[in-house]
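Some notes on the structure that comes next.
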Amino acid sequence: MTRRILGLITATLAVMTALVLPAAPAAALPAWPNVVKGQWGPLVTTAQFLLRHHGQTITADADFGGGTETAAKAFQAANGLVADGQIGANTWGKLIVTLQRGSNSEAVKALQTELNRYGHGLVVDGDFGGGTDAAVRSFQTTHSLEANGQVGPLTWQTLVGSFPGYPAGYRLPLDRGAIARSEYDDTHHDYPAIDLPARYIPAYAVVAGTAYRINESACGLGVNIDAGGGVRYTYCHFDAISINNGQQVTPGQRIGTTGDTGNSTGPHLHFAIKVNGGSRCPQKYLIALYDGATPPAPSSLPSSGCSH
Ligand SMILES: [Zn+2]
């Protein structure tokens, strides 16, 4: 075989290889979340608006109660799905509808609720106008989607399934991936607070404020953050504190490492919010942050109903 023919074969093989190689894969889509009875927060609101779009007469109040479950089951039964009342991948797939500028519906309210999780600050009015269009295109651009303003299945799944950033001025006390979302709605023993099952991982300031070191028998090592207005955030059972007493901290600044000091039966983060010395339930505050939404003002949080 001559060198020339060998060269031709090599070139032909190169062309064939290029033809059979698959195109670069599209960015993997995030999984649809499973939204179920007992949960609350913006993802629940989104599901409720979509159920309303499909004719279910429920209130979009962010709270997945019995009425929402009944509506979910009715929607599932009408769409050939297993009527388990859980809004998972198959149900999301049937709930979403393609939207674009000019759409005006409850589904647009769901879209606006989702875009607001990503900091867009839209009025949730169901009217897909210029502001919503700009927010959609911005979201599509930052998530490697075609920025065409069309909200189809890929954009919906990316919106609903992704972790948004945190609202300006806030941060979860733990990394989002450290523990499941469901841990943030657990009740606390005896009084309003929450115990998060964290093992020797970084803990962060949820807001800006003045941080004070704690070292006593019940709390063990911990930190208080005074945020002004009589609002105090307390972290207990740290393994180590990483701030100085009286230090100004910013949201997301590491203030310590979770652990098992003080009156503790295993590594966890005890987290509490007090307003003028009164304990408030931190669960809705933390779930909002987990979902990327601005949390309720501490003074609006309930002072009972989150303990067992
Ligand atoms: Zn506790």
Side-chain angles (χ1 to χ4, degrees), residues 38-41 63 166 170-243 245-247 249 251-291 293 295-308:
Q39 292 184 356
W40 64 79
D63 206 339
Y166 296 103
Y170 297 95
R171 174 68 158 79
L172 262 186
L174 301 171
D175 283 317
R176 219 187 227 122
I179 60 173
R181 182 185 188 277
S182 58
E183 302 290 354
Y184 289 100
D185 64 14
D186 284 354
T187 57
H188 189 255
H189 58 87
D190 304 319
Y191 63 98
I194 195 164
D195 291 329
L196 301 166
R199 303 178 60 86
Y200 308 101
I201 58 174
Y204 307 100
V206 289
V207 293
T210 310
Y212 298 95
R213 297 168 67 97
I214 302 170
N215 185 357
E216 47 103 312
S217 60
C219 185
L221 298 177
V223 169
N224 278 319
I225 298 175
D226 283 348
V231 179
R232 166 173 277 190
Y233 301 85
T234 301
Y235 301 68
C236 287
H237 315 306
F238 276 0
D239 193 59
I241 304 171
S242 43
I243 50 102
N245 208 37
Q247 182 178 334
V249 293
Q253 181 173 340
R254 183 169 181 173
I255 57 171
T257 304
T258 62
D260 192 24
T261 58
N263 185 6
S264 171
T265 54
H268 74 285
L269 172 64
H270 169 95
F271 178 83
I273 302 176
K274 285 188 177 180
V275 179
N276 297 322
S279 295
R280 301 300 177 115
C281 292
Q283 286 79 1
K284 288 196 160 127
Y285 186 99
L286 293 169
I287 288 283
L289 286 181
Y290 190 94
D291 287 346
S299 59
S300 75
L301 294 170
S303 52
S304 64
C306 59
S307 48
H308 54 261

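Whatever order the structure lists ligands and atoms in, that order sets their numbers, starting from 1. What you are looking at is a predicted structure, and each value in this text was computed from that prediction instead of being measured.
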Check your understanding: Counting N and O atoms only, with roles assigned by atom type, does the side chain of Y184 sit under 3.5 Å from a partner on the main chain of L289, one being a donor and the other an acceptor?
Key ->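 Such a contact is absent between Y184 side chain and L289 backbone.
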Review point. Closer than 2.8 Å to the Zn ion (ligand 1), do we get an N, O or S atom from H189, backbone or side chain?
Key: no
Practice item. Using a cut-off of strictly less than 2.8 Å, determine whether H270 has an N/O/S atom near the Zn ion (ligand 1). Key: yes
Exercise for review: Count the heavy atoms belonging to other residues, nucleotides or ligands that lie under 6.0 Å from CZ of R199, then report whether that count exceeds 12.
Suggested key: no
Practice item. Could you tell me the angle subtended at the Zn ion (ligand 1) by NE2 of H188 and OD1 of D195, rounded to 10°? Key: 100°
**Study point:** Qualifying residues under side chain to side chain donor-acceptor pair (under 3.5 Å), relative to E216, sequence neighbours excluded
**Key:**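 Counting only residues at least two positions away or on another chain, E216 forms no side chain to side chain donor-acceptor pair (under 3.5 Å).
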Point to revise | Which residues share a salt bridge (Lys or Arg N to Asp or Glu O under 4.0 Å) with R213, sequence neighbours left out | key: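 For R213 there are no salt bridge (Lys or Arg N to Asp or Glu O under 4.0 Å) partners, ignoring immediate neighbours.
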